[in-house]
Amino acid sequence: MSVYSGLRNIILIGSLFGFHGLLNRSLILDGVNEVLIVTQRITLVTILMALYCFKEFRKEISLSTLKKGGLTGFLAIFLPGWTFVFALKYISSGLQSIFISTIPLFTVIWVFLFYKEEKITKTKLFSVILGLSGLIVLFLSGATGINSGGNLLLGGTLAIVGVQGPLLSTPASTAAAAREALRVMSS
């Protein structure tokens with residue numbers, strides 16, 4: 001792959017991801033049919049990425065890579081797309097952003113469970129326990145950030161499930177993200 005192809009890929013993926021965030025935030029408006037919009041967004045992204053990948057990588061596509069790509073797409077795009085949108089019905093977008101920011105916390109947990117070669121120090125373990133304590137306190141507060149009530153247990157659980165999708169989508173990205181999270185936590 002040339003440098004220009006790599007740059008084009010980064011711009012395409014960044015634009016689609018930015019559009020995803022903007023669309024999710026705008027779904028808190030009244031009267032928006034989130035099921036229709038999320039379905040259209042996921043379908044559009046899937047079609048665009050499928051056309052691009054087929055054009056770029058048609059020689060490397062096999063049944064095995066198609067299965068892995070399908071699982072990765074489901075975990076990285078479909079699962080968070082749906083859970084984040086439906087979480088916005090029960091919690092505010094600001095509170096959802098707090099749940100999304102727990103990605104480093106859950107990355108360390110998944111690495112601890114699945115990648116035994118990674119060393120988790122006592123300081124890092126304490127940081128994870130502190131972060132989990134913060135989540136527990138948040139859930140115990142019951143604050144949803146929505147004037148009309150909401151449901152923190154349902155909305156928060158949906159947001160946390162949505163966070164797990166990208167973390168589990170590919171072991172390599174999980175390990176790389178975990179190393180970075182561990183590096184950040186230790187500094």
Side-chain angles (χ1 to χ4, degrees), residues 6 8-28 34-35 37-50 52-53 56-57 64-118 120 124 127-128 131-132 134-135 138-139 152 154-185:
R8 181 189 67 222
N9 294 349
I10 291 169
I11 291 170
L12 175 67
I13 291 168
S15 299
L16 291 174
F17 188 73
F19 176 70
H20 155 79
L22 176 66
L23 187 60
N24 276 354
R25 297 289 189 265
S26 68
L27 287 176
I28 60 175
E34 65 272 351
V35 175
I37 291 180
V38 172
T39 304
Q40 288 175 343
R41 179 184 63 83
I42 290 174
T43 303
L44 178 65
V45 170
T46 302
I47 290 170
L48 289 174
M49 291 302 288
Y52 172 75
C53 288
E56 230 13 75
F57 305 107
S64 173
T65 56
L66 195 60
K67 286 179 185 177
K68 290 177 186 175
L71 179 62
T72 299
F74 175 81
L75 290 171
I77 296 172
F78 186 85
L79 183 67
W82 280 96
T83 56
F84 291 163
V85 164
F86 283 107
L88 286 173
K89 293 177 90 170
Y90 304 103
I91 60 175
S92 70
S93 60
L95 191 57
Q96 183 178 9
S97 296
I98 291 172
F99 283 111
I100 292 170
S101 69
T102 63
I103 288 174
L105 170 80
F106 287 109
T107 302
V108 172
I109 292 170
W110 285 115
V111 166
F112 179 74
L113 294 174
F114 292 115
Y115 298 100
K116 300 301 179 188
E117 68 272 4
E118 293 290 332
I120 308 293
K124 294 170 188 166
S127 300
V128 168
L132 287 174
L135 279 178
L138 181 63
F139 273 106
L152 181 61
L154 183 56
T157 303
L158 283 169
I160 288 176
V161 167
V163 165
Q164 306 313 308
L167 293 176
L168 296 174
S169 63
T170 58
S173 66
T174 302
R179 285 188 193 96
E180 181 62 21
L182 290 172
R183 187 190 64 73
V184 168
M185 288 175 69

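Please read these numbers as outputs of a predicted model, since none were measured by experiment. Count residues from 1 along the sequence.
Put simply, CZ on Phe139 and CZ on Phe99 are 4.0 Å apart, with the number rounded to the nearest 0.5 Å. Atom CG in Leu105 sits 6.0 Å away from atom CG in Leu135 (nearest 0.5 Å).
Summarising the geometry of Ala159 relative to Ala87, their closest heavy-atom pair is N-CB, 4.0 Å, with the distance given to 0.1 Å.
Shown here are the side chain to side chain contact (heavy atoms under 4.5 Å, CB included) partners of Thr83, two or more places apart in sequence or in another chain: Leu79, Leu158, Val161.
Distance alone, capped at 3.5 Å, is enough to place a donor-acceptor pair between the Ser92 side chain and the Leu95 backbone. Side-chain atoms of Gln96 do not come within 3.5 Å of backbone N or O of Leu88 as any donor-acceptor pair.
Residues Leu154 and Phe86 form no side-chain contact, since every pair of their non-hydrogen atoms from C-beta on lies 4.5 Å or further apart.
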